[in-house]
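Before any comments, here is the structure.
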Amino acid sequence: PIEHHALELKRLVGIRHPDFLEFVVAVLYRLAKVDLIVSKKEEEDIRKVAAVFDIKKTLGDRVRGLIDSVLTKINTSVKNIVEKLNAKSK
């Protein structure tokens with residue numbers, strides 16, 4: 001079962017590299033999303049892995065955080081472009 005493999009990975013790297021475990025969960029989610037559909041089983045398995053890794057954020061929380069981060073960067077870039085265009089038009 002996936003929990004067994006998650007536990008083995010946690011034993012190997014988790015104590016020294018907890019960020020790596022979060023990365024593993026993110027990669028699992030991206031792999032599940034390759035076909036553009038995350039099945040209920042895939043999401044359940046990813047949640048089981050996250051639980052074994054003691055990752056408290058839900059996948060939805062992590063995705064929303066990522067989206068917020070990307071949108072913030074886009075917003076900042078657009079503002080910079082608009083400011084430059086405005087400065088040129090003066």
Side-chain angles (χ1 to χ4, degrees):
I2 197 161
E3 296 94 332
H4 170 75
H5 297 291
L7 190 55
E8 289 299 314
L9 185 59
K10 182 179 177 181
R11 285 181 185 151
L12 285 172
V13 298
I15 295 169
R16 286 189 231 149
H17 305 286
D19 291 343
F20 180 75
L21 298 179
E22 288 189 23
F23 172 77
V24 169
V25 172
V27 168
L28 288 173
Y29 184 72
R30 289 191 112 173
L31 287 172
K33 210 174 163 189
V34 166
D35 60 358
L36 304 177
I37 300 170
V38 179
S39 72
K40 189 174 182 176
K41 175 68 172 137
E42 288 170 324
E43 188 169 343
E44 287 172 2
D45 284 344
I46 295 168
R47 287 181 185 274
K48 288 175 185 177
V49 171
V52 169
F53 291 169
D54 297 320
I55 296 173
K56 303 299 181 203
K57 291 182 181 178
T58 66
L59 291 177
D61 293 338
R62 298 177 71 72
V63 170
R64 280 189 288 280
L66 177 61
I67 291 170
D68 288 345
S69 174
V70 169
L71 291 177
T72 299
K73 288 178 184 178
I74 291 170
N75 189 25
T76 301
S77 296
V78 169
K79 283 181 181 179
N80 290 337
I81 292 169
V82 169
E83 288 173 3
K84 288 178 183 177
L85 289 173
N86 286 337
K88 285 184 179 180
S89 67
K90 288 184 180 180

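Index from 1, following the sequence.
Taking all atoms of both residues into account, the shortest heavy-atom contact from Lys10 to Leu21 is CG-CD1, 4.1 Å.
Summarising the geometry, atom CD1 belonging to Ile46 is positioned 11.0 Å from atom CD1 belonging to Ile55; distances are rounded to the nearest 0.5 Å. Atom CD1 of Ile81 sits about 11.0 Å away from atom OG1 of Thr76, to the nearest 0.5 Å. To the nearest 0.5 Å, atoms CD1 (Ile2) and CZ (Arg47) are separated by 13.5 Å.
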> Do Val49 and Asp45 pass the side chain to side chain contact (heavy atoms under 4.5 Å, CB included) test, and can you show the C-alpha distance, the side-chain angles, and the key distance before you say yes or no?
Replying inline: CA-CA 6 Å; Val49 171; Asp45 284 344; 5.7 Å; no
> Where do Glu44 and Lys48 land on the salt bridge (charged side-chain N to carboxylate O under 4.0 Å, His left out) test, with the steps shown first?
Replying inline: CA-CA 6 Å; Glu44 287 172 2; Lys48 288 175 185 177; 5.3 Å; no
> Should Glu42 and Leu31 be marked as a side chain to side chain contact (heavy atoms under 4.5 Å, CB included) after you check the CA-CA gap, both sets of side-chain angles, and the distance that decides it?
Replying inline: CA-CA 10 Å; Glu42 288 170 324; Leu31 287 172; over 6 Å; no
>> Would Val24 and Phe20 count as a side chain to side chain contact (heavy atoms under 4.5 Å, CB included) here? Give the steps.
In response: CA-CA 6 Å; Val24 169; Phe20 180 75; 3.6 Å; yes
